[in-house]
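Counting convention: from 1, in listed order, for ligands and their atoms alike. Just so it is clear, the model here is predicted, and its values are computed rather than measured.
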Amino acid sequence: MDYKIALIRGDGIGPEVVGEAVKVLEAVGRRFGHTFSYEEVLMGGCATDAVGKSYPEGTAEKCKACDAVLLGAVGGPKWGSDRPAEERPETGLLAIRKDLGLYANLRPAKLLPPMADACPLQREIAQCGIDLMMVRELTGGLYFGKRDRYKTNDRGVEASDLLTYSELEIERIGRRAFELARLRRKKVSSVDKANVLETSRLWRSVMHRLAKEYSDVEYEDILVDNCAMQLVRDPAQFDVIVTENMFGDILSDEASMITGSIGLLPSASIGDSAPGLYEPIHGSAPDIAGQDKANPIATILSVAMMMRYSFQLPDEAAAIENAIDSVLAEGWRTADIASPGDQPIGTQKMGGLICEKLC
Ligand code: IPM
Ligand code: MG
């Protein structure tokens with residue numbers, strides 16, 4: 001088959017890690033008989049520098065003409081919050097999520113066996129394993145609610161961000177979570193703050209309706225503060241966690257940290273139609289950009305998710321994941337995951353080793 005992939009290389013280490021992911025795509029193509037073609041799409045701080053806007057006109061259309069989007073990373077201190085909104089890379093990120101209808105953000109957090117020592121939790125906890133899928137609602141809630149800032153007579157300036165969720169938005173993300181759980185260990189933990197927020201009470205009632213429909217899947221409600229605690233106390237209890245946008249932003253960082261290796265974690269953002277967007281969860285790491293130090297594995301695992309969720313190619317996805325497992329099992333490490341005494345390898349060498357395993 002032929003697949004067309006939009007490449008948003010972005011800022012910082014983005015271009016380097018996407019470069020290695022493209023090498024892996026080519027290796028997969030050779031092994032399984034697919035051809036991949038690429039459309040370069042400018043977005044992020046580099047777009048601000050080139051054309052004055054982080055999300056140039058036509059970005060969404062270019063992506064929509066492709067079967068999937070691969071994004072390296074966008075952002076950096078050069079384009080900070082003192083800049084006008086259209087020059088900030090985050091603005092582009094939120095716009096592309098909304099314009100492509102990417103309401104479901106899948107962030108797996110898995111402790112790979114060769115990386116068990118990197119887990120910052122106590123050994124007894126790490127030994128129970130971590131293999132969870134965070135399903136974060138991505139196009140609603142506080143991120144997209146009405147914002148305001150105005151002067152009051154007696155309280156100085158006041159600001160407000162509106163938190164809204166509809167049944168439709170909750171139901172479609174809930175269904176994703178239950179469907180995913182059916183392919184895994186069949187448990188959904190739905191995170192909310194129903195003891196305080198009305199949006200959470202609606203969230204919970206919709207989830208309960210779905211839980212009855214998916215009665216083969218175990219279901220639980222968990223309050224967000226308790227979930228934050230349980231993630232460090234006993235992460236093995238979780239299979240699929242589903243939550244709204246803001247809680248998901250925070251908890252997914254926590255979940256990634258307990259695996260001890262943020263450089264290894266991919267993500268997928270999908271909607272009801274193509275293209276889905278795939279990106280590593282780490283940022284643009286400007287401090288190591290251009291030095292061949294970045295870990296390309298999270299981006300390469302994002303390509304594996306692309307194979308699985310956008311192209312329905314599970315064998316290709318598994319081949320990529322197995323290639324990475326064997327390279328790690330042989331002891332190869334980039335600097336971010338190296339232990340004292342390891343001789344770290346660079347971005348390109350890591351990408352090359354993974355490609356060799358795919359041949
Ligand atoms: C993420 C990031 C973004 C978010 C920022 C950069 C806008 O933290 O993808 O988790 O909050 O969604
Ligand atoms: Mg975040």
If you have a sec, work out which protein heavy atom is nearest atom 11 (O) of ligand 1 and how many Å separate them, to one decimal? Y143 OH, 2.6 Å
Protein residue, atom and distance nearest to atom 1 (C) of ligand 1, heavy-atom basis: R107 NH2, 3.3 Å
Do D192 and S200 meet the criterion of a side-chain donor-acceptor pair at a distance under 3.5 Å? no
Starting from atom 7 (C) of ligand 1, find the nearest protein heavy-atom neighbour and note its residue, name and distance. E90 CG, 3.9 Å
Which atom name does D249 have for its N/O/S atom nearest to the Mg ion (ligand 2)? OD1
Residue of the set D272, L138, I270 for which side chain to side chain contact (heavy atoms under 4.5 Å, CB included) holds with Y103: D272
Using modelled atom types and a 3.5 Å cut-off, is there a donor and acceptor pairing between side-chain atoms of T152 and backbone atoms of G156? yes
Would you find more than 12 non-hydrogen atoms of other residues, nucleotides or ligands less than 6.0 Å from E57 atom CD? no
So between R97, E279, M246, whose heavy atom ends up nearest atom 9 (O) of ligand 1? R97
Check: Y55/E86 side-chain N/O donor and acceptor closer than 3.5 Å: no
Applying a 4.0 Å heavy-atom criterion (strictly less than), which segment of R136 is in contact with ligand 1: side chain, backbone, both, or neither? side chain
Name the closest protein heavy atom to atom 8 (O) of ligand 1, giving the residue it belongs to and the distance to 0.1 Å. D249 OD1, 3.3 Å
Does any donor atom in the side chain of S269 or N105 lie under 3.5 Å from an acceptor atom in the other side chain? yes
